[in-house]
Number of protein chains: 2
Amino acid sequence: MKSEIPPNTVARLSLYRRLLEAWLEKGTTHLYSHEIASMACVTPAQVRRDLMAIGYSGSPSRGYSVDALEDSIGRFLGSDTVRKIALVGMGNLGRALATYFVSRAPRFRMTAAFDNDPRKTGRVIAGCMVHPVEAIPGIIPAEGIRTAVLALPPESAQEMADTLVKAGVKGILNFAPVPLRLPGDVFLENRDVTASLEKVAFFSGQPREGN
Amino acid sequence: MKSEIPPNTVARLSLYRRLLEAWLEKGTTHLYSHEIASMACVTPAQVRRDLMAIGYSGSPSRGYSVDALEDSIGRFLGSDTVRKIALVGMGNLGRALATYFVSRAPRFRMTAAFDNDPRKTGRVIAGCMVHPVEAIPGIIPAEGIRTAVLALPPESAQEMADTLVKAGVKGILNFAPVPLRLPGDVFLENRDVTASLEKVAFFSGQPREGN
DNA sequence: CTGAAGTTGTGAAAACAGTAACAATGTTAC
DNA sequence: GTAACATTGTTACTGTTTTCACAACTTCAG
C-alpha cells in the first residue's frame with residue numbers, strides 16, 4: 001500500500017480552491033480541467049492528476065462540479081477546522097505576514113506570536129498578541145499548535161526552531177536565510193528570499209527559450 | 001552541446017557562498033565537501049555535484065579553497081557587477097523586503113521601487129525612491145533592469161507583470177497569491193505564502209517518517 | 001438507437017532531482 | 001620511494017514529478 005501526496009500537489013490544490021471559490025460566487029456550476037488549468041497556469045493533465053490524488057472524480061462531457069470539488073479539496077486539506085499557526089519574529093517581515101494572514105488567509109488563525117524584544121511583547125501587533133519567546137514551551141502545547149512560521153534574523157533561527165520542535169511543532173515555514181537542522185519527522189519549507197532572488201536574477205540574465 | 005544549470009543548484013550556490021563568506025572572515029582556507037554539506041544541511045554528494053555544475057575543482061585531501069570557490073561562485077552567479085532589482089508594491093510586504101535587501105543582501109541593489117498610491121510615491125521609503133507605476137516604462141529600460149520583485153495585491157499583479165515584461169524585465173519573483181501568465185522567455189518564481197503555509201500545515205498534520 | 005464530439009482517468013514515458021558508489025588523485029607517514 | 005588514506009569528480013542508479021497519449025465514458029444530435 002502506497003499513498004503519498006506530492007507536496008507540490010498540495011500547494012496547487014490550495015490554489016485551485018481559491019480559484020474555485022471565485023467561480024462559486026459567480027454561480028458557475030461546472031468547469032473542465034482545461035479551464036481550471038488555464039486559470040492556474042498549469043497543464044490540464046496536471047490538474048487531472050492532482051485531482052486524482054485526492055480521489056475526486058469529475059464527469060466526462062460535464063467536467064468537475066465546482067461546488068463538490070471545492071468541498072472535496074477543503075476536506076482533503078483538512079480546513080473544516082481552522083488551523084492554528086504560530087508566528088515567531090515580529091520584525092518587518094513578521095508584521096507583514098501577520099497583516100497578510102489576518103486579511104487574506106482567513107483559513108489560518110495566527111493563534112500566537114512571539115518575539116524576544118520586550119518593546120514588542122505584551123502588546124497586540126497586527127491583530128496578534130505578542131508573547132516573549134520564553135512562553136513558547138507553555139503556549140504551543142497548550143494550544144495544540146503544530147505549525148510555525150519563522151520570520152527571524154539568521155542568528156536566532158536555529159535556536160527558535162529547536163525550541164518549537166521541542167514544544168511539539170511538526171511543520172515549519174522558514175523565512176530566515178539559514179538552513180535549519182531538524183528531525184526528519186518535522187516538515188520544513190524554506191523560503192530564503194535571497195536565494196530566490198539570486199535564482200531569478202541568474203535566469204534573468206541568461207536567455208531562455210520561449211514557448 | 002548541452003549545458004543546463006538546474007534552478008535548485010543556483011539557489012544552493014547562493015547559500016554556499018554566504019556560508020563561505022563567513023568562513024573566509026574567520027580565516028579558514030580550505031573546506032571539504034562534507035563540511036560545506038553539513039553547514040548547508042545537504043549531502044556531500046549534492047555539494048560536489050553542484051560545484052561540478054560551475055566547473056570548479058577542488059583538490060583531493062585538501063578539499064576546496066574557500067577563497068577561490070567563493071570567487072568562482074561569484075563569477076558564475078554574475079555578481080561582480082551588483083545586480084539591479086525593481087520592486088513593485090510598497091505595502092507591508094514591499095517595505096519589509098526593501099528593508100531586508102538594503103541591510104542583508106548588499107549584492108542586490110533595489111534601483112527602483114514603484115507603487116500606485118500617491119501617498120507613497122515621490123518619497124524615499126526603506127531606502128528606496130518610490131515612483132508611480134506609470135514611470136515603469138521609462139525607468140526600467142533606462143536603468144537596464146531585468147529583474148523585478150512583485151509584492152502586490154492579487155488584483156493588480158498580472159497587469160503590473162505585463163507592464164514590466166513589456167519594459168524589458170526577464171525575471172519575476174512573485175509574492176502575489178495569483179498565478180501569472182507570462183511569455184516563455186521570462187523566468188518566473190512564485191512565492192505564494194498562502195500555498196506554502198497550506199503545504200506546511202498539511203504535512204504538520206500527517207505523521208511523517210523520521211530519519 | 002447510433003455515431004460524433006469532447007472530456008475524464010490513468011498507464012507509460014520522459015524529464016528532473018538527488019543519492020550512491022567508485023576509480024582517480026593528491027597527501028602524508030614511514 | 002612507496003603504501004595507506006581520505007577526498008574529489010563522475011557515472012550509474014533511484015526516486016519523484018510532470019507530460020503524453022489513449023481507452024473509456026457521457027452527452028447530444030439526428
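Below, chains carry the letters A, B, ... as their sequence lines are ordered, and counting in each starts from 1. Please read all numbers here as calculations on a predicted model, not as lab measurements.
- Rounded to whole angstrom, the span from the CG atom of A/Leu51 across to the P atom of C/dT7 amounts to 16 Å.
- For B/Ser59, no side-chain nitrogen or oxygen approaches OP1 or OP2 of C/dG26 to under 4.0 Å.
- Of the candidates D/dT10, D/dT18, C/dG18, D/dT10 carries the atom nearest the B/Met52 side chain, counting heavy atoms from C-beta on.
- The CD atom of A/Glu35 sits 14 Å away from the P atom of C/dG6 (whole-angstrom rounding).
- Classified by interplanar angle (parallel below 30°, tilted 30° to 60°, perpendicular above 60°), the ring pair A/Phe101/A/Phe108 is perpendicular.
- For B/Thr43, the listed nucleotide lying nearest its side chain is C/dT19; candidates were C/dT19, D/dT26, C/dT8.
- Put simply, NE2 on A/His34 is 4 Å from P on C/dT7, counting in whole angstrom units.
- The distance between atom OH of A/Tyr32 and atom P of D/dT26, rounded to the nearest whole Å, is 14 Å.
- A/Tyr100 and B/Thr194 are linked by a side-chain donor-acceptor pair at a separation below 3.5 angstrom, with hydrogens and angles left out of the test.
- By the neighbour-count criterion of 12 heavy atoms within 6.0 Å, atom CD of B/Glu25 is sparsely surrounded, having that number or fewer from other residues, nucleotides or ligands.
- Proximity of B/Gln46 to the phosphate of C/dT19: a side-chain N or O atom is located under 4.0 Å from OP1 or OP2.
- Contact of A/Ser61 with D/dT26 (side chain to base): a donor-acceptor pair of N or O atoms is detected under 3.5 Å.
- Nearest-nucleotide positions on DNA chain D for B/Gly63 and A/Pro6 put B/Gly63 closer to the 5' end.
- Between the C1' atom of C/dC16 and the CD atom of B/Glu4 lies a distance of 12 Å, rounded to the nearest Å.
- Between B/Tyr64 and C/dG26 there is no side-chain polar atom (N or O) within less than 4.0 angstrom of OP1 or OP2.
- Side-chain N/O atoms of B/Ser196 and A/Arg191 include a donor and acceptor closer than 3.5 Å.
- In this structure, B/Thr9 reaches neither bases nor backbone, as no heavy-atom distance under 4.0 Å exists between it and the strands shown.
- The CZ atom of A/Arg49 sits 12 Å away from the P atom of D/dT17 (whole-angstrom rounding).
- In this structure, A/Ser33 reaches the C/dT8 phosphate: one of its side-chain N or O atoms is under 4.0 Å from OP1 or OP2.
- Side-chain proximity of A/Ala45 to the nucleotides C/dT19, D/dT11, D/dC20 is greatest for D/dC20.
- Picking from D/dT7, D/dT8, C/dA17 the nucleotide with the shortest atom distance to the side chain of B/Asn8 gives C/dA17.
- B/Asp50 and B/Tyr16 share a donor-acceptor pair across their side chains, judged by distance under 3.5 Å alone.
- Taking atom CG on B/Asp50 and atom P on D/dT8, their separation rounds to 14 Å, with Å as the unit.
- B/Ile36 has its CD1 atom 11 Å from the P atom of D/dG9, to the nearest Å.
- Listed nucleotides: C/dG9, D/dT26, C/dG18. Nearest to the side chain of A/Arg48: C/dG9.
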